[in-house]
Structures are given as C-alpha cells and as structure tokens.
Amino acid sequence: MKIGYPCINLSLDCKGDRTFRLKSYSEERLVEIVDNNLNCLFEILRFNVAHNLLFFRITSDLVPFASHPICKFDWQSHFHNKFQEIGNYIRTNDIRISMHPDQFTLINSPDKGVFERSLQELIYHAHVLDLMELNTSAKIQLHIGGVYKDKITSINIFVERFNELPDLVSKRLVIENDDRSYTLQDCLEVSSITDIPILLDSFHHEVKNSGESQAEAVSLASSTWRQEDGILMIDYSYQPGDGRRGAHSYTMNVDHFTQFLDITKSYDFDIMLEIKDKEKSSLKAVEAAKDDKRFVMAI
DNA sequence: CCCTGTCAAGTCACG
DNA sequence: CGTGACTTGACAGGG
C-alpha cells in the first residue's frame with residue numbers, strides 16, 4: 001500500500017501545472033512552460049519520496065495543448081532527456097503513477113469528433129508515461145462517459161471504441177466508477193467484456209452503489225487487476241455531512257481513513273487522497289498508516 | 001501595478 | 001434554449 005495525492009503540491013513554491021492561453025500560443029511559450037512543469041514535477045517527486053508518499057497523479061496540464069491541432073512542436077524529442085531523468089527517478093524509487101484526463105475526454109460520445117479529440121488526448125497521456133519508460137502499472141484513469149439517454153447503447157459504444165484504441169493507450173487504461181451515471185456494477189460489466197481494470201473511487205461508491213459495502217467494492221475491483229497492471233488503485237475522499245454532494249472535503253478525517261483501512265485490511269492497494277489540502281492530508285494518512293503491515297516506505 | 005473576466009475540449013441538470 | 005456545475009486557479013488584457 002502506497003499513499004499519494006493528485007497533481008499539485010501546496011507546500012512547495014513550485015507549480016507543475018502552469019499553462020497559458022491558446023491565443024498566446026507559441027513554441028517559445030510552450031517550451032518555457034513545459035520546462036518549468038517538468039522541473040517542478042521532479043521537485044514534487046523528491047518531496048514525496050522524502051515523505052514516504054509513493055503514489056502520485058501527474059497533471060494533465062504537464063504539456064499544455066499537447067493534443068490540440070495548434071501544437072506542431074515535437075515536445076517528445078525536445079524534452080526526451082528530461083522525461084528519461086524523471087522516469088529513472090520514478091523507477092528507482094518505485095513510485096506508482098496515475099494520470100486522469102479531464103471531463104472533456106469521452107470515448108463513448110456519439111459524436112465522432114469528440115471521440116477523435118479524446119483519442120488524441122489519451123495518446124498524449126500515454127506518450128508522457130511511455131517517455132518515462134514506466135511499465136503498464138502506470139495507469140490512465142477514465143470514466144465510462146456520458147449516458148446519452150440510453151445507458152446500454154452507451155456502454156456498447158464504450159466497448160466498441162475501447163477495442164479500436166491503439167495498444168499504447170489500451171494497455172494503460174482503467175475505468176473509474178462515478179457518482180452520477182456509471183456505478184461499480186456498470187464498470188464490472190464493462191470489465192467482464194474488455195478486461196479493463198477498475199479503479200475504485202470509494203467516495204463515488206458511497207454516493208452511488210448497488211448495495212455493496214466498501215470492503216466488497218474493494219474486493220470486486222481488486223479482482224479486475226492483472227499481474228501486469230499492478231495492485232488496485234483507489235481514489236479516496238470523505239464528505240463531511242454538511243458539504244455539497246460530490247464536493248471533495250477540505251481536510252483529512254483521520255478516523256474515517258483509519259476505519260477504511262481497517263475494513264479493507266485483507267486487500268492490498270495504492271490509495272490516493274482526493275482532498276483539497278493535498279499533501280498535508282497525505283502526511284496525516286502516512287502517519288495513520290505507518291504501522292499497517294501493508295504500508296510501503298521509501299527506500 | 002491591480003483588478004477581474006475569462007479560459008480547448010463535454011455532458012447533464014435545471015429554469 | 002441558455003446557463004452553471006464539475007474543479008479552481010491564474011492568465012492576460014484593460015484601467
């Protein structure tokens with residue numbers, strides 16, 4: 001079990017998700033920003049290793065406009081050495097990596113144009129992980145997508161489109177249950193046809209489920225991960241009673257987290273804290289988990 | 001320098 | 001049919 005947080009670190013004076021406006025696009029600008037973002041990513045990873053945080057989600061903003069037609073620049077070659085250096089560090093320290101394309105990435109849209117743009121976006125994500133020479137335990141997590149008024153058809157389209165994906169994408173893709181449309185059961189149905197592993201979002205599962213307990217959900221999702229996929233990934237967050245539905249909590253409820261670890265103690269997984277204060281809560285989680293026999297410390 | 005409207009992309013709920 | 005939420009900050013242009 002490794003513990004982590006997504007995309008940004010609030011303690012460091014360094015932002016790895018800087019971007020700029022499409023209107024001000026230029027190659028010089030792109031190079032400047034990507035250079036900054038890669039340096040900062042490396043700095044965050046070093047911070048994480050120093051704090052026993054060995055699970056991290058790399059921001060989709062690492063290379064702004066990478067999948068946009070405006071981008072003709074060969075950033076893969078230009079930053080090859082830097083990606084190698086970071087990849088080396090990740091492999092040496094055995095850091096688990098995920099990426100999560102944003103809500104515009106939908107492979108089951110009836111609109112072929114939406115699918116085509118999403119495909120380009122997924123290829124960009126796969127290139128980032130490939131450039132770092134990470135194995136297929138580094139994952140790209142995606143929701144099944146829209147319902148478009150007909151869930152069965154939409155699931156079928158997802159499966160068809162998945163089967164069309166190039167290998168560099170499909171070998172890394174995992175699906176995640178969401179809190180409005182596609183539950184764990186829906187994901188299991190898709191997984192049974194496609195063998196896609198299921199990333200469990202424990203909070204979404206709490207909001208929308210088919211009666212499975214958290215422990216049962218962990219067990220079901222866990223069984224969809226093959227040897228080459230690594231162990232189950234979990235996105236964890238906790239909603240205090242008064243917050244708006246679906247909103248992530250601001251800070252860690254250590255009791256709730258400890259309880260979650262306890263009820264899932266017969267399963268191993270890597271767990272990402274989707275909590276607004278990011279690494280601060282992750283450090284509390286590490287503190288709470290350090291005596292757990294599943295917990296993996298930095299070398 | 002400071003203020004603030006706006007930002008690549010999609011879907012869905014709501015009025 | 002149009003707008004805001006999702007997530008949120010910060011870019012960038014105007015004063």
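Here is the naming used below: chain letters follow the sequence lines, and residue numbers restart at 1 for every chain.
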*Hey, is A/D186 close enough to A/K151 for a salt bridge, meaning N to O under 4.0 Å?*
yes

*asked:* Whole angstroms only, please: what is the CG-P distance between A/D17 and C/dG9?
replied: 11 Å

*Would a line drawn from the ring center of A/Y5 to the ring center of A/F55 be shorter than 6.0 Å?*
no

*Apart from A/L10 itself, what residues make up its hydrophobic cluster when side-chain heavy atoms of I, L, V, M, F, W and Y under 4.5 Å apart count as a link, directly or indirectly?*
A/I8

*Within this structure, what is the CD1-to-P distance between A/I157 and B/dT11, rounded to whole angstrom?*
11 Å

*For A/F56, is the NZ or CZ atom of A/R96 found under 6.0 angstrom from the centre of its six-membered ring and inside 45 degrees of the ring axis?*
no

*Identify whether the distance between the nearest side-chain nitrogen and carboxylate oxygen of A/K2 and A/D94 falls below 4.0 Å.*
yes

*Hey, does the side chain of A/N36 reach the backbone of A/E32 with a donor-acceptor pair shorter than 3.5 angstrom?*
no

*What do you reckon, are the aromatic ring centroids of A/H68 and A/Y124 less than 6.0 Å apart?*
no

*asked:* Which residues in residues 101-119 of chain A have a heavy atom closer than 4.0 Å to any atom of DNA chain B?
replied: A/D102, A/Q103, A/F104, A/L106, A/S109, A/V114, A/R117

_Taking A/K139 first and then A/D229, would you say they form a salt bridge - that is, a charged N and a carboxylate O separated by under 4.0 Å?_
yes

*Using a strict cut-off of less than 4.0 Å between a Lys/Arg side-chain nitrogen and an Asp/Glu carboxylate oxygen, indicate whether A/R57 and A/D235 qualify as a salt bridge.*
yes

*Side chains of A/S11 and A/E279, donor plus acceptor under 3.5 Å*: yes

_A/K280: partners by side-chain hydrogen bond (donor to acceptor under 3.5 Å, both in side chains), with sequence neighbours left out_ = none

*asked:* Quick check on side-chain hydrogen bond (donor to acceptor under 3.5 Å, both in side chains): which of A/E121, A/H125, A/H127 does A/S67 satisfy it with?
replied: A/E121

Between the protein and nucleotides 12-15 of chain C, list the N/O to N/O atom pairs that are separated by less than 3.5 angstrom.
residue: C/dA12; atom: OP1; partner: A/R21; partner atom: N; Å: 2.6
residue: C/dA12; atom: OP1; partner: A/S24; partner atom: OG; Å: 2.4
residue: C/dA12; atom: OP2; partner: A/R29; partner atom: NH1; Å: 2.9
residue: C/dA12; atom: OP2; partner: A/R29; partner atom: NH2; Å: 2.8

*Nearest-angstrom distance from the residue atom CG of A/D150 to P of B/dC12*: 12 Å

*Under 4.0 Å from any atom of DNA chain B, heavy atoms only: list the residues of residues 61-70 of chain A that qualify, in numerical order.*
A/F65, A/S67, A/H68

_DNA chain C stem ranges, 3 or more consecutive Watson-Crick or G-U pairs under 3.5 angstrom_ = B:1-7 with C:9-15, B:10-15 with C:1-6

